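Beneath this line is the structure, given in structure tokens, with notes to follow.
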Amino acid sequence: MSVQQISVAYTAVATAENGRDGRVATDDGKLDVVVNPPKEMGGSGAGTNPEQLFAAGYSACFQGALGVVARAAKADISGSTVTAQVGIGKTEAGGFGLEVELITAIPNVDRATAEELVAKAHEVCPYSNATRGNIKVTLTVA
């Protein structure tokens with residue numbers, strides 16, 4: 001599989017200190033947070049963690065992709081939400097891996113339309129494209 005070339009419109013820059021038990025900040029200062037492992041993984045759980053940040057980014061990005069496909073389909077997605085649940089655990093090979101469930105609620109369309117919009121959003125979302133074939137991503141229409 002070849003790497004798809006893109007025309008970069010924006011580059012986000014963030015720097016981490018002390019990995020999963022430290023701090024991460026963007027170069028523009030808009031994000032500056034303490035990160036700690038969750039209690040379930042033996043940490044203090046005092047700060048946020050990379051999985052929460054990934055869930056926040058993926059849900060926002062997927063909601064944006066949903067808006068793009070909904071506009072093209074002339075579908076009303078007002079009041080819709082996307083919740084990303086990001087799980088982390090050990091892989092069979094001994095490392096760590098992620099899995100994601102995207103739960104989408106679109107109150108103003110029927111279920112078949114919602115499922116079609118979600119499937120199309122999954123094809124255009126940059127996070128979905130980055131994870132496709134790498135981790136398990138489950139799409140759920142609530």
Side-chain angles (χ1 to χ4, degrees), residues 1-6 8-73 75-142:
M1 186 159 131
S2 66
V3 174
Q4 184 178 12
Q5 297 299 314
I6 65 168
V8 175
Y10 167 76
T11 300
V13 178
T15 302
E17 298 172 2
N18 292 328
R20 295 184 68 87
D21 205 3
R23 174 180 165 263
V24 65
T26 56
D27 64 333
D28 62 5
K30 292 181 180 178
L31 179 72
D32 189 341
V33 295
V34 171
V35 290
N36 301 114
K39 289 181 179 181
E40 296 85 348
M41 294 181 68
S44 70
T48 189
N49 59 66
E51 292 70 40
Q52 288 175 324
L53 295 170
F54 187 76
Y58 202 162
S59 63
C61 190
F62 198 85
Q63 180 76 41
L66 184 63
V68 168
V69 299
R71 280 188 293 282
D76 179 8
I77 64 160
S78 59
S80 65
T81 60
V82 176
T83 300
Q85 296 181 347
V86 176
I88 183 171
K90 289 197 174 196
T91 65
E92 293 174 358
F96 287 88
L98 300 174
E99 67 178 32
V100 175
E101 181 177 10
L102 296 173
I103 304 162
T104 305
I106 311 173
N108 296 322
V109 300
D110 60 72
R111 184 166 192 84
T113 301
E115 289 173 350
E116 183 179 329
L117 292 171
V118 166
K120 287 181 180 177
H122 191 48
E123 293 301 315
V124 301
C125 175
Y127 275 66
S128 293
N129 288 330
T131 59
R132 186 170 289 109
N134 297 309
I135 66 172
K136 178 183 173 187
V137 177
T138 303
L139 304 176
T140 302
V141 175

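Worth knowing before you read on, the calculation uses all heavy atoms, side chains too, and leaves out hydrogens, waters and symmetry mates. Because the structure is a prediction, the values reported are computed rather than measured.
Remark: L66 CG to I77 CD1 distance equals 4.0 Å, nearest 0.5 Å. Summarising the geometry, atom CD belonging to E123 is positioned 7.0 Å from atom CG belonging to N129; distances are rounded to the nearest 0.5 Å. Taking OG1 of T48 as the reference point, atom CZ of R23 lies at 14.5 Å (rounded to 0.5 Å). Between the CD1 atom of I135 and the CD1 atom of I88 there is a distance of 11.0 Å, given to the nearest 0.5 Å. In this structure, CZ in F96 is found 5.0 Å from CE in M41, a value given to the nearest 0.5 Å. Distance CG/L117 to NE2/H122: 14.5 Å, rounded to 0.5 Å.
The main-chain N or O of V137 is never found under 3.5 Å from a side-chain atom of R132 such that the two would form a donor-acceptor pair. Side-chain atoms of T91 do not come within 3.5 Å of backbone N or O of G97 as any donor-acceptor pair.
When I103, T113, V118 are each tested for a side chain to side chain contact (heavy atoms under 4.5 Å, CB included) with V141, only one passes: V118.
Heavy-atom minimum distance, G47 versus N36: N-OD1, 2.8 Å. Closest heavy-atom contact between G19 and V35: O-CG2, 3.3 Å. Annotation for K136 and T138: closest pair CE-OG1, 3.5 Å, computed over non-hydrogen atoms. Nearest heavy-atom pair across S44 and K39 is O-CE, 3.3 Å. In plain terms, the two heavy atoms of A65 and A121 that are nearest each other are CB-O, 3.7 Å. Minimum heavy-atom separation, P107 to S78: CG-O, 3.9 Å.
Side-chain atoms of T104 and S80, non-hydrogen and from C-beta on, never get closer than 4.5 Å to each other. V82 has its side chain out of reach of Y58: every pair of non-hydrogen atoms, C-beta onward, lies at least 4.5 Å apart. Residues V8 and I6 have side chains in contact (heavy-atom distance under 4.5 Å, counting atoms from C-beta outward). Considering only heavy atoms from C-beta on, L98 stays 4.5 Å or farther from T131 through its side chain. Residues Q52 and N49 meet the side-chain proximity criterion, which asks for heavy atoms closer than 4.5 Å.
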